[in-house]
Asker: 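Next up is a structure, given as structure tokens.
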There are 2 protein chains.
Amino acid sequence: MTVMLENASGAPRYMALAEALRARIAGGDPAIGELLPTEHALCETYGVSRHTVREALRLLAEAGLIARRRGAGTVVVAAEARAHFTQRLGGVDDLMQYARDAKLQPRHTRSGPLDAAVARAFGVATGGEFFHVAGVRGRPGETPIALTDVYIRADIAPPVETIVEMGGSVTEWIASERGVPTARIEQSISAGALTEREAEPLDAEPGEAALRTRRRYYDKGGRIIALSDSVHPGERFTYDMVLMREAE
Amino acid sequence: MTVMLENASGAPRYMALAEALRARIAGGDPAIGELLPTEHALCETYGVSRHTVREALRLLAEAGLIARRRGAGTVVVAAEARAHFTQRLGGVDDLMQYARDAKLQPRHTRSGPLDAAVARAFGVATGGEFFHVAGVRGRPGETPIALTDVYIRADIAPPVETIVEMGGSVTEWIASERGVPTARIEQSISAGALTEREAEPLDAEPGEAALRTRRRYYDKGGRIIALSDSVHPGERFTYDMVLMREAE
DNA sequence: CGTGGAGCTTTGTCCGGACATAATCTGCTA
DNA sequence: TAGCAGATTATGTCCGGACAAAGCTCCACG
């Protein structure tokens, strides 16, 4: 029994077959956990070559709908591929969006437990030993663009002299020098008015609108690597991002 | 001249070839922007079938290193597949981060070409027919959280009555009802002070700090679907995002 | 000199075949 | 009845061939 593939749009045959199978799966035939017909059976049912069937199945596998196992067959693992958008960043430096020579110039440093007000601002637990660096970030000779507080887990923090030389993120240094790569970053962005204490080192006016970015960096085991809090006077910094719809 | 593929690990031939080509590209041979040898040439150089070459090239294309064009050849677009961080969103509604019942309440609508000031603010070309909706977004009975201007390409814009009913993004409607899915979104986030004109419909004070998000939505062909500009008084909205390190 | 069309080049689709590898099933023996 | 070995099943790798579609180049004509 041969089933004709519907192909009104002139798409390649393997795409038409993938679509036909996607529709079957969405309708529960076969259901999640059940086996799709074998490649050989699909060739006969749809009247196409094994090459075409394999290409169609590859598309479905890439979409996450099926899993194929040599000797066993092809099992349905999801009923629908969910369209999603993805923002890709090469590294943490891309996330920070500062020019490479916009270095963090420390104004003061301090070691100790994370205090309650800071922990509350980040929504994390108090305690733990952290190395706190407060400073401004900007290019030499230019108005600073950010006032930043970074709290780095003390056991993996770099020496101060190293921080001074860094143009980019301390977490990239920790990844390469301490062997602790960042696995997850949580960032929040908000707007607020600069306090008098914040405005001064930024050469800005108290009450001026500012963009605040707070980040929590976690390692693979879910342990905090670092926290950062940066505030930027409004016209000095815009946060840009590009999201692409992921091919299914 | 046939080059033997190094394959100490027993990997399939197409993977060994992909790795050999990856190494060549990383070494600048060919460089970014240059053409890789043709499929036919690679078959001869490496002593494998066209099928094997195509599989290897598919891997490289999926890794983002090359782009293949029928009739033209295969161009190198990146020298290295870089470890990267990825933010995944289920859909545009996740990007917007408004509660589902925080609907856009239109205050006025207008059709016409995109004027120069608006085009300049978005960094896009003037002209084109757009349907402009200006309104506030918020939950019923609560203080509005956003003042929003949306410019929708006129040929695919929904009717006003439909916009009123929408809890989410108009682009999701356009994707399902007009068959024009959003393929790319560019977003910028900045801080600034509310103007008197902006503050009034938001029940806020002029000069108050506000978070501004501007988005450009593009279809698969790079054509604008819609533009949006939203401004949120500072304490009413925080923009949150999570990035995960992607396994390679 | 510029434009359009024809021909050539290069990748994309699709067919068929053969052998390898991993998983499952069946039968036999302890 | 349980475990092991061999056979069968189903996907993975790889070969070869043919034709289609898109891009590029060159040549001729206005």
Asker: Is any N or O donor-acceptor pair between the side chain of B:R50 and the base of C:dG12 shorter than 3.5 Å?
Answerer: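 Pair found.
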Asker: For the pair made of CE in A:M15 and C1' in C:dC14, what is the distance, rounded to whole Å?
Answerer: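 It is 14 Å, rounded to the nearest whole Å.
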Asker: Hey, can you tell me if B:F237 and B:H232 have their rings parallel, tilted or perpendicular (30° and 60° cut-offs)?
Answerer: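 Judged by the thresholds at 30° and 60°, the geometry between B:F237 and B:H232 is parallel.
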Asker: Reading DNA chain C from 5' onward, which residue's closest nucleotide shows up sooner: A:A72 or A:S49?
Answerer: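 Nearest nucleotide further toward 5': that of A:S49.
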Asker: So that I can tick it off, tell me whether B:D219 and B:R153 are bridged by a salt bridge, with the cut-off set at under 4.0 angstrom between side-chain N and carboxylate O.
Answerer: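 B:D219 and B:R153: salt-bridged.
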Asker: Between A:V53 and B:R68, name the one whose nearest nucleotide on DNA chain C is closer to the 5' end.
Answerer: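 The residue whose closest nucleotide sits nearer the 5' end is B:R68.
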Asker: Using the 3.5 Å cut-off, write out each protein N or O paired with an N or O of nucleotides 4-6 of chain D and the distance between them.
Answerer:
none

Asker: OP1 or OP2 of D:dT9 versus the side-chain N and O atoms of A:R70: is any pair under 4.0 Å?
Answerer: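 The answer is no; no side-chain N or O of A:R70 sits under 4.0 Å from OP1 or OP2.
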Asker: Please report the closest heavy-atom contact between B:A56 and B:A18, naming both atoms and the distance.
Answerer: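 The answer is CB-N, 3.7 Å.
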Asker: Give the rounded distance in Å between these two atoms: CZ of B:R54 and P of D:dA18.
Answerer: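 Distance, rounded to whole Å: 17 Å.
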Asker: Expressed in angstrom and rounded to an integer, what is the separation of A:H40 atom NE2 from D:dT8 atom P?
Answerer: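 Spelled out: NE2 on A:H40 to P on D:dT8 is 17 Å.
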Asker: Under 4.0 Å between a side-chain nitrogen and a carboxylate oxygen: does that hold for A:R68 and A:E39?
Answerer: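 A salt bridge is present here (some side-chain N lies under 4.0 Å from a carboxylate O).
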